[in-house]
There are 2 protein chains.
Amino acid sequence: MGGRLTRQRAAVLRVLAGCQDFVSAQELHVRLDAAGVPVGLSTVYRALHALERTGQLDVVRDEAGERLYRPRPADGHRHYLICRCCGRSRPLDSDVVERWAERVGAESGFSAVEHTVELSGVCARCTGARP
Amino acid sequence: MGGRLTRQRAAVLRVLAGCQDFVSAQELHVRLDAAGVPVGLSTVYRALHALERTGQLDVVRDEAGERLYRPRPADGHRHYLICRCCGRSRPLDSDVVERWAERVGAESGFSAVEHTVELSGVCARCTGARP
DNA sequence: CTCGTAATGGGATTCATTTTCATATAGCCT
DNA sequence: AGGCTATATGAAAATGAATCCCATTACGAG
Ligand SMILES: [Zn+2]
Ligand SMILES: [Zn+2]
Ligand SMILES: [Zn+2]
Ligand SMILES: [Zn+2]
């Protein structure tokens with residue numbers, strides 16, 4: 001990340017790395033409190049923006065439109081299948097989509113083409129637990 | 001749509017059909033006023049929800065998270081390439097993605113799998129007009 | 001250590017969307 | 001046609017994520 005390494009940013013990175021699934025800024029804020037490192041909400045948002053800008057996070061939106069963040073593996077962005085019930089996510093093998101998006105973008109006459117691809121469903125565990 | 005056919009719902013459908021691109025609820029509300037058929041904002045939202053529930057609309061989110069609606073062609077949902085600058089959109093041939101999403105969903109053990117696919121870029125016209 | 005500047009945070013603000021609830025009306029029944 | 005009732009409307013208030021403001025703090029270069 002470009003800026004200074006403050007106590008708060010270190011904490012955001014550490015707690016975020018400890019999350020195996022997508023978290024919202026608000027959740028992260030609460031978890032930081034719980035971890036004994038209170039960080040202002042504005043600062044959480046700023047840290048997330050910085051991480052997003054430098055490509056260290058994958059971002060999705062839940063059904064309410066809230067942004068959810070997850071640390072991105074080193075080798076490029078991923079797309080995920082997320083359980084609408086419990087929130088657990090698994091990364092997908094999305095080569096097919098990456099190539100499709102690239103081709104469509106190239107053929108379109110548009111520049112700076114970006115893509116959003118998200119899958120959601122109900123995972124096996126949640127299906128079983130649902131009366 | 002399930003419910004009653006009121007003056008307001010008719011107007012929403014009519015104005016929406018006259019839009020060749022994605023519109024937000026707020027924009028639609030303004031256009032209804034301009035068209036001489038004032039409709040309460042709540043009612044616009046309710047009508048859009050109803051249309052969405054019955055699969056008559058395609059929905060995307062702009063970069064600010066605002067929901068944008070566009071009438072869906074009769075034969076199933078579409079995915080779009082949208083200009084981040086002017087908002088113009090063109091439907092894509094997304095067979096490849098549909099099949100990929102279906103396969104991935106089937107292999108995942110998740111049920112009720114849904115997908116979101118959006119492409120955005122800057123259209124030729126906007127690229128030219130950009131100093 | 002000193003200083004300049006970037007970063008922080010609490011509160012206020014914005015703004016799309018939702019909710020509330022009193023009123024209006026579509027559409028069925030007689 | 002006239003009445004009735006579940007449904008729909010809309011103005012205003014509530015909600016809630018995200019952003020802005022700005023006085024204060026503290027990183028880190030020199
Ligand atoms: Zn689940
Ligand atoms: Zn991708
Ligand atoms: Zn454009
Ligand atoms: Zn599709």
Side-chain angles (χ1 to χ4, degrees), chain A residues 1-16 19 22-54 56-70 82 87 116 118, chain B residues 1-16 19 21-54 56-70 82 84 87 116 118:
Chain A
M1 182 161 41
R4 297 174 181 176
L5 181 61
T6 61
R7 180 180 67 79
Q8 291 86 343
R9 291 191 182 176
V12 166
L13 283 168
R14 178 158 30 79
V15 172
L16 203 53
C19 299
F22 284 92
V23 226
S24 68
Q26 311 267 352
E27 270 173 40
L28 194 55
H29 178 230
V30 169
R31 291 201 196 191
L32 282 160
D33 260 0
V37 195
V39 175
L41 188 53
S42 322
T43 303
V44 173
Y45 275 107
R46 280 188 289 244
L48 289 171
H49 284 164
L51 292 168
E52 189 182 354
R53 238 181 295 120
T54 55
Q56 299 174 66
L57 296 179
D58 283 320
V59 187
V60 300
R61 279 177 185 285
D62 67 13
E63 43 216 326
E66 194 175 4
R67 296 168 86 102
L68 306 179
Y69 302 87
R70 172 174 164 152
I82 304 174
T116 299
E118 293 171 25
Chain B
M1 185 158 42
R4 296 174 180 173
L5 181 59
T6 60
R7 179 180 67 80
Q8 291 88 340
R9 292 189 181 176
V12 167
L13 283 167
R14 177 158 31 79
V15 172
L16 203 53
C19 300
D21 269 310
F22 283 92
V23 224
S24 69
Q26 311 265 354
E27 270 172 39
L28 194 55
H29 177 229
V30 170
R31 291 202 196 189
L32 282 159
D33 261 359
V37 194
V39 175
L41 188 53
S42 325
T43 303
V44 173
Y45 276 106
R46 281 188 287 243
L48 289 172
H49 284 162
L51 291 168
E52 189 181 353
R53 237 180 297 120
T54 55
Q56 299 175 66
L57 297 180
D58 284 320
V59 187
V60 299
R61 279 179 186 285
D62 67 13
E63 44 216 324
E66 194 175 6
R67 295 168 84 103
L68 306 179
Y69 302 87
R70 172 174 163 153
I82 304 174
R84 282 191 297 272
T116 298
E118 293 171 26

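Chain naming here is simple, since letters A, B, ... match the order of the sequence lines and numbering starts at 1 in each. As the structure is a computational prediction, the values presented were derived from the model and not from experiment.
- The closest side-chain donor-acceptor pair between T54(B) and Q56(B) falls under 3.5 angstrom.
- Nearest-nucleotide assignment on DNA chain C puts the 5′-proximal partner with L68(B), out of L68(B) and R7(B).
- Rounded to whole angstrom, the span from the CG atom of L32(A) across to the P atom of dG9(C) amounts to 10 Å.
- Proximity note for R4(A) (side chain, C-beta onward) versus dG28(D), dA18(D), dG27(C): the nearest is dG28(D).
- Among the atoms of the strands shown, base atoms are found under 4.0 Å from some heavy atom of L41(B).
- Here the side chains of R9(A) and L51(A) are not in contact, with every heavy-atom distance at 4.5 Å or above.
- Nearest nucleotide to the Q26(B) side chain, out of dA17(D), dA16(C), dA7(C): dA16(C).
- Rounded to whole Å, atom P of dA17(D) lies 10 Å from atom CD of E27(A).
- One N or O on the side chain of H29(B) and one on the backbone of V39(B) form a donor-acceptor pair closer than 3.5 Å.
- Comparing atom distances between the Y45(B) side chain and each of dG10(D), dA18(D), dT18(C) picks out dT18(C) as nearest.
- Atom CG of L48(B) is separated from atom P of dA16(C) by 14 Å (rounded to the nearest Å).
- Nucleotide dT18(C) holds its P atom 15 Å from the NE2 atom of H29(B), rounded to whole Å.
- Between dG28(D), dA7(C), dA8(D), one nucleotide has an atom nearer to the side chain of T6(A) than all others, and that is dA7(C).
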Checking side-chain contact (heavy atoms from CB on, under 4.5 Å) for the pair E27(B)/C19(B): CA distance, chi angles, key distance, verdict?
CA-CA 11 Å; E27(B) 270 172 39; C19(B) 300; over 6 Å; no

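- Across all strands, S42(A) comes closer than 4.0 Å to base atoms (heavy-atom distances).
- Counting only heavy atoms from C-beta on, R9(B) has its side chain closest to dA8(D) among dA8(D), dT8(C), dA17(D).
- Considering only side-chain atoms of R46(A), the nucleotide from dT18(C), dT8(C), dA18(D) that sits closest is dT8(C).
- At dA18(D), none of the side-chain N or O atoms of H49(A) fall inside 4.0 Å of OP1 or OP2 (strictly under the cut-off).
- A sub-4.0 Å separation between OP1 or OP2 of dA7(C) and a side-chain N or O of T43(A) is absent.
- By the 4.5 Å heavy-atom criterion applied to side chains, L16(A) and L48(A) are counted as neighbours.
- One atom, CZ of R61(B), and another, P of dA18(D), lie 11 Å apart when rounded to the nearest Å.
- Under the 4.5 Å side-chain criterion, counting only non-hydrogen atoms from C-beta, V15(B) is not in contact with V37(B).
- Between dG9(C) and Q8(A), a contact under 4.0 Å exists linking OP1 or OP2 to a side-chain N or O.
- For V39(A), the listed nucleotide lying nearest its side chain is dG9(C); candidates were dA7(C), dG9(C), dG10(D).
- Between the CG atom of L28(B) and the C1' atom of dT17(C) there is a distance of 15 Å, rounded to whole Å.
- The distance between atom CG of D62(B) and atom P of dC15(C), rounded to the nearest whole Å, is 14 Å.
- Atom-to-atom, CG of L5(B) to P of dC28(C) comes out at 12 Å; the value is rounded to the nearest Å.
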